[in-house]
Amino acid sequence: MKKIFGYVLGLVAALFAAGAVATGANADGSSANAASGSSDNASSGAVTPSAGAGDTSDTDGLTGIADTSSSMVKPARKTVKRVTIKRIKRAKTLAASKEMRGRLHYRKDSRDILFQKGKKGAEVELFNRKGREVKKFRVAKNGRFTLKLTKKQAKKLDKGGKYFRFAVHQKGYRPYEIRYNIYK
């Protein structure tokens, strides 16, 4: 309550000081208009401080009056809006015992790949030994499942070596890669 009262008092004092400066007599003797805050000379753009004023150390440039109102009134405190930064959760590493893997041996030129420990919604990418993507799919249900390949995809998967690999992207976890051996 005291803080709000202090803000109100500061605002009233600032308005009072501004009104006193606006309605006060100018150094050249002309009267100021209280409603507009400007004098007759100030509207024409000609500003002439009086030669006999004596105090030229601190003038505001428009009227030639010493600026003492700013030292009497403390400026109101500015409120600073605090910005909260949302922390990004780091993806956890999936335990090796829960990672998706091949169920049985994969034979060369086979069109069926057997997987186990699949999680629904996980995205899987099959790569051959050279690192070229063969197939990309999303796991439909949890547990064991079979992936069917075309003849062209099976040949592409076998090309280049004794194994292929698959990368698994599961929500909330870091992606991981598994090597799947190719048997003759």
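For reference, positions follow the sequence shown, starting with 1.
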Hphob cluster co-occupancy, Leu114 + Ile182, side-chain heavy atoms under 4.5 angstrom:
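Result: no, two separate clusters.
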Cluster question for you: counting only ILVMFWY and a side-chain heavy-atom cut-off of under 4.5 Å, with indirect links fine, are Phe127 and Val124 together?
no
First locate atom CE of Met100, then atom CG of Leu94, and finally report the distance between them rounded to the nearest 0.5 Å.
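That separation rounds to 11.0 Å.
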Residue list, side-chain contact (heavy atoms from CB on, under 4.5 Å) with Tyr183, at least two apart or on another chain:
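side-chain contact (heavy atoms from CB on, under 4.5 Å) check on Tyr183 returns His105, Arg107, Asn181.
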So which atom in Asp109 and which in Lys155 form the shortest heavy-atom distance, rounded to 0.1 Å?
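Asp109 and Lys155 have their closest heavy atoms at OD1-CG, 4.5 Å.
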Measure the shortest side-chain to side-chain distance between Lys92 and Arg174 over non-hydrogen atoms and say whether it is less than 4.5 angstrom.
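No. Closest side-chain heavy atoms not under 4.5 Å.
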Pairwise side-chain contact, Gln116 with Arg101, heavy-atom cut-off 4.5 Å (strictly under):
yes
Compute the ring centroids of Tyr163 and Tyr106, then answer whether they are less than 6.0 Å apart.
no
Just jot down the ring pair (Phe, Tyr, Trp, His ring centres under 6.0 Å) partners of Tyr7, sequence neighbours excluded, or say none.
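Tyr7 satisfies ring pair (Phe, Tyr, Trp, His ring centres under 6.0 Å) with no other residue.
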May I have all residue pairs that pass salt bridge (Lys or Arg N to Asp or Glu O under 4.0 Å) and include part of residues 132-148, sequence neighbours excluded?
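Counting only pairs at least two positions apart or across chains, the salt bridge (Lys or Arg N to Asp or Glu O under 4.0 Å) contacts touching residues 132-148 are Asp112-Lys148, Glu123-Arg138, Glu125-Lys136.
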For the residue pair Tyr180 / Arg165, report whether a side-chain donor-acceptor contact shorter than 3.5 Å exists.
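No, because no side-chain N or O of Arg165 sits under 3.5 Å from a partner of the opposite role on Tyr180.
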Is it true that, when you exclude Tyr173 itself, more than 12 heavy atoms of the residues, nucleotides or ligands shown sit nearer than 6.0 Å to its OH?
no
